[in-house]
Amino acid sequence: MPDLLSVKNLKIEATSYPPGEPPKTVTLVENVSFDVQKGKVLGLIGESGAGKSTIGLSALAYGRGGAKITGGQVLLNGKDILTLGRDGVRTIRGCKVCYVAQSAAAAFNPAHKLGEQVIEAALRHKIMSREEAEKRALYLFKVLGLPSPETFGQRYPHQVSGGQLQRAMTAMALCPNPELIVFDEPTTALDVTTQIDVLAAIKHAIEETHTAALYITHDLAVVAQISDDIMVLRHGKTIEYGTTQQIIEAPREDYTRALVSVRQTKREEATDQSNTLLKIDRISAGYANGFKVLHDVTMHLPKGQTLAIVGESGSGKSTLARVITGLLPPSEGTITFDGKELPKALSSRNKDQLRRVQMIYQMADTAMNPRQTVRDIIGRPITFYYGVHGAKKTERVKELLEQIELGDRFLDRYPAELSGGQKQRVAIARALAAKPELILCDEPTSALDPLVAEGILNLLLKLQEETAVSYVFITHDIAIVRAIADSVAVMHRGKLVRFGPKSKVLSPPFDDYTDLLLKSVPEMELGWLEKVLKTRRMESAGN
């Protein structure tokens with residue numbers, strides 16, 4: 001069978017503007033080649049900055065963020081789309097080649113109904129009539145397992161869940177009958193139970209429509225369930241390229257073997273529960289529209305330990321973190337910190353109370369000012385909380401950079417000059433600069449590849465041993481819970497369904513929801529997705 005997409009010796013460059021220096025050319029992708037046949041899926045995997053998304057977008061003859069394709073060919077059905085020019089490229093984007101982004105929420109216009117947005121490309125490119133496009137959309141809603149497919153298109157983006165919105169974006173990409181779809185981390189932001197549904201829907205849709213696909217991710221266990229072939233990338237170069245079975249079962253290169261074998265260690269939990277630092281007592285909370293998110297939640301965290309809060313999207317995990325920090329005052333209940341009740345609102349807390357509770361966010365990119373250097377980012381809380389300036393502040397910043405295993409060569413770098421893992425380390429250093437007793441970690445490794453994530457987790461454990469800091473770790477990754485937690489709280493629809501020491505919470509007998517969570521964690525095993533779906537069908541039939 002001839003190749004639908006053939007990329008040959010691809011080279012992509014960008015211009016960097018270091019402060020105080022002349023512009024310089026940076027090579028993002030170098031000498032990358034691969035082929036994709038109709039109806040097949042190629043997985044692109046690698047760490048942040050490996051060039052995955054940059055390569056994926058080249059299939060649309062597009063360079064993001066000033067990136068330019070400076071060498072090689074991108075052949076679609078034997079024709080080099082890099083030679084088409086601006087008008088020619090417009091005839092293939094959203095038509096022959098479509099793109100599914102990581103954030104579905106950012107991809108839809110909140111002012112328009114989903115159905116109109118799903119059929120828009122098919123109508124604009126005059127591929128089909130409105131009647132044909134609406135029939136196609138209904139067919140795709142059914143194939144993708146969306147609820148009430150006949151009326152689903154009448155909803156607005158805010159009226160559906162994150163998993164449903166991700167599937168709607170897949171329907172939008174499939175509607176014009178494209179020959180190729182580029183999936184760019186489509187399940188990274190989803191919890192494990194929703195991720196399975198979306199993966200199954202994508203795989204079924206590809207099989208039904210015979211569309212080819214590039215599937216970009218940093219999660220090898222995920223890509224193993226959906227890809228026919230896998231290309232492993234690092235620093236813009238191909239490390240290894242082969243069938244999914246060969247990459248998973250017999251990797252040839254050291255880097256690939258490290259990716260396949262990465263397994264977070266299972267730390268033994270602390271047994272002393274007596275010295276309580278944080279007590280959450282019968283907390284209920286909601287938003288101004290009257291929607292109640294948290295319902296009578298109670299849990300506690302001893303000093304120097306880690307509490308993992310797990311649950312699917314919408315379970316109330318991040319809302320609870322907002323309550324702890326004072327960003328969302330609770331409607332009922334109290335937060336006690338080191339024996340004293342915390343004021344409910346952030347504005348009512350004094351500087352010392354603010355200093356003692358810090359936060360590390362999921363996306364370090366959006367949590368940092370891109371115009372500030374690492375020196376400024378880490379130095380700001382040193383000045384704010386301790387009034388330290390000048391050389392003494394710089395020395396403290398250097399100490400923190402050593403503590404997070406970066407070093408003072410990063411002092412004058414900007415966020416854009418850091419990798420994803422380096423940015424997250426800087427975010428950790430900024431939190432540590434305040435010398436807190438509690439750090440709230442909101443999915444801090446979910447956007448990182450397994451090797452970098454493992455390094456961040458090991459760093460957090462090391463810092464806990466050195467400083468006795470306590471963590472509330474919000475995650476949907478059970479492997480991380482096993483690696484870092486002392487106690488675990490399982491939340492579902494704003495309620496606490498299970499709480500206690502890790503060994504007890506993660507051991508049977510399980511309630512139905514915890515059992516579902518544990519069974520939904522992807523494994524590095526060919527056919528795992530099909531096995532899980534088959535088990536679900538059998539359990540449903542039994543009920």
Cation-pi check, Lys8 to Phe34: give yes when NZ or CZ is under 6.0 Å from the six-membered ring centre and within 45° of the ring axis, no otherwise. no
Is it the case that the side chains of Asp229 and Tyr241 hold a donor-acceptor pair, with the cut-off being a distance below 3.5 Å and no angle test? no
Report yes if the side chains of Tyr471 and Leu307 come closer than 4.5 Å at any heavy-atom pair, otherwise no. no
Would the distance check show the side chain of Asp376 and the main-chain N or O of Gln372 forming a donor-acceptor pair, the cut-off being under 3.5 Å? no
For the backbone of Leu60 and the side chain of Arg93, can you confirm whether one donor and one acceptor N or O come within less than 3.5 Å of each other? yes
If you look at every heavy atom in Glu269 and Pro501, which pair is closest and at what distance? OE2-CB, 3.2 Å
Heavy-atom check, side chain of Gln424 versus side chain of Thr445, under 4.5 Å: no
Rounded to the nearest 0.5 Å, what's the gap from CG on Leu328 to OG on Ser318? Could you check? 11.5 Å
Mind listing the closest non-hydrogen atom pair of Ile202 and Pro186 along with its distance? CD1-CG, 4.2 Å
Of all residues at least two apart in sequence or in a different chain, which pass the salt bridge (charged side-chain N to carboxylate O under 4.0 Å, His left out) check with Asp338? Lys303, Arg356
Counting only heavy atoms not in Arg355, do more than 12 fall under 6.0 Å of its CZ? yes
Where the side chain of Arg375 meets the backbone of Lys398, is there a donor-acceptor pair that is under 3.5 Å apart? no
Is any side-chain heavy atom of Asp442 closer than 4.5 Å to one of Met359? yes
Taking atom types as modelled and ignoring hydrogens, do the side chains of Glu13 and Thr70 form a donor-acceptor contact shorter than 3.5 angstrom? yes
Flag this pair as yes if the NZ/CZ of Lys392 is under 6.0 angstrom from the six-membered ring centre of Tyr386 and inside a 45 degree cone about the axis; otherwise no. no
So which heavy atom on Met368 is nearest to which on Lys423, and how close? CE-O, 2.9 Å
Identified side-chain contact (heavy atoms from CB on, under 4.5 Å) counterpart of Val374 within the set Leu411, Leu400, Val426, Leu406: Val426
Work out which heavy atom in Gly316 is nearest to a heavy atom in Leu294; give both atom names and the distance. O-CD2, 3.5 Å
Have Thr306 and Gln464 got a donor and an acceptor in their side chains that come within less than 3.5 Å? yes
Do Lys11 and Thr27 have side-chain heavy atoms sitting under 4.5 Å apart? yes
For Thr244, side-chain contact (heavy atoms from CB on, under 4.5 Å) partners two or more places apart: Ala224, Ser227, Ile230, Ile248, Leu526
Set of residues satisfying side-chain contact (heavy atoms from CB on, under 4.5 Å) with respect to Pro251, sequence neighbours excluded: Glu240, Thr256, Arg257, Val260
Does the side chain of Lys344 come within less than 4.5 Å of Ile335's, by heavy atoms? no
Heavy-atom closest contact (Pro444 atom, Phe473 atom, distance): CG-CZ, 3.5 Å
May I ask you to decide whether Lys462 forms a salt bridge with Glu465, counting only side-chain N to carboxylate O separations under 4.0 Å? no
Spell out, as yes or no, whether a donor-acceptor pair under 3.5 Å connects the side chain of Thr276 to the backbone of Leu278. no
Looking at Leu214, Leu57, Leu180, which hits side-chain contact (heavy atoms from CB on, under 4.5 Å) with Tyr99? Leu57
For the residue pair Asp412 and Thr373, confirm or rule out a side-chain donor-acceptor distance under 3.5 Å. no
Pairwise side-chain contact, Leu10 with Asn31, heavy-atom cut-off 4.5 Å (strictly under): no
Check: Leu440 and Ile360 side chains under 4.5 Å, non-hydrogen atoms: no
Do the non-hydrogen side-chain atoms of Thr238 and Met231 ever get within less than 4.5 Å of each other? yes
Do the side chain of Gln358 and the main chain of Lys435 share a donor and acceptor less than 3.5 angstrom apart? no
Which pair of heavy atoms, one from Pro23 and one from Thr15, lies closest together, and at what distance? CB-CG2, 3.9 Å
